[in-house]
Every structure is written in C-alpha cells, then in structure tokens.
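Here the structure comes first, spelled out in structure tokens, and everything after it is commentary.
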Amino acid sequence: MRIKVELSIGGQVAKVDELVLEENKLGELMDEEVEQAIEMNIRNWVDKMISIHWEVVEKDETQ
C-alpha cells in the first residue's frame with residue numbers, strides 16, 4: 001500500500017513523500033486497525049522530518 005503525504009507550513013507545501021506499507025504486514029487487520037497503522041507510520045515520518053530550533057533574541061528587562 002502506498003500513501004502520499006504532504007507537509008505544509010503556513011499553507012505552503014514544504015515536503016511531499018510517499019510511504020509504503022507492506023500488504024503482507026497488514027494481513028488480516030480490520031479497516032480501523034489499518035487506519036491506525038497508517039497514522040502511526042505518518043507520525044513516525046513527521047517526527048523524522050520536523051525539528052524546531054529556537055533562541056531568545058531579546059530579553060524583556062521590565063520583569
């Protein structure tokens with residue numbers, strides 16, 4: 001099974017990829033279980049694709 005995923009940032013597509021789930025691993029799963037497996041694979045993909053870095057650039061001195 002092939003699943004197309006798109007990662008958008010601010011409404012703009014930043015990354016398009018295709019995930020492949022082996023049909024034999026899905027076996028006799030119910031539709032709901034297949035959907036859960038797809039969502040888990042997409043979450044794993046997102047975790048690999050996204051990282052956020054930040055730093056304080058100006059500290060509020062009034063506090």
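Values in this document were obtained by computation on a predicted structure and should not be read as measured data.
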Got [X] and [Y] here, is their nearest side-chain heavy-atom distance under 4.5 Å?
X   : Y   : result
E55 : H53 : no
I3  : N41 : no
L7  : V13 : no

**Message:** Could you see if M40 belongs to whatever hydrophobic cluster contains I38? Use Ile, Leu, Val, Met, Phe, Trp, Tyr and a side-chain cutoff under 4.5 Å.
**Reply:**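 Each belongs to a different hydrophobic cluster.
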
**Request:** Answer with yes or no whether the hydrophobic clustering places V57 together with W54; edges join I, L, V, M, F, W, Y residues whose side-chain heavy atoms lie under 4.5 Å apart.
**Result:** no

**Item:** By side-chain hydrogen bond (donor to acceptor under 3.5 Å, both in side chains) - contacts of E6 (at least two apart)
**Value:**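 If we apply the side-chain hydrogen bond (donor to acceptor under 3.5 Å, both in side chains) test to E6, skipping adjacent residues, there are no hits.
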
Could you give the distance from [atom1] ([X]) to [atom2] ([Y]), rounded to the nearest 0.5 Å?
X   : Y   : atom1 : atom2 : result
E39 : R43 : CD    : CZ    : 6.0 Å
D17 : K4  : CG    : NZ    : 11.0 Å
L26 : N24 : CG    : CG    : 8.0 Å

**Request:** Would you indicate whether D47, at its atom CG, is surrounded by more than 12 heavy atoms from other residues, nucleotides or ligands within a distance under 6.0 Å?
**Result:** yes

**Request:** Tell me, please, which residues at least two apart from E18 pass salt bridge (Lys or Arg N to Asp or Glu O under 4.0 Å).
**Result:** R2

**Whether Q12 side chain and I9 backbone form a donor-acceptor pair below 3.5 Å** =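 No; zero donor-acceptor contacts below 3.5 Å.
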
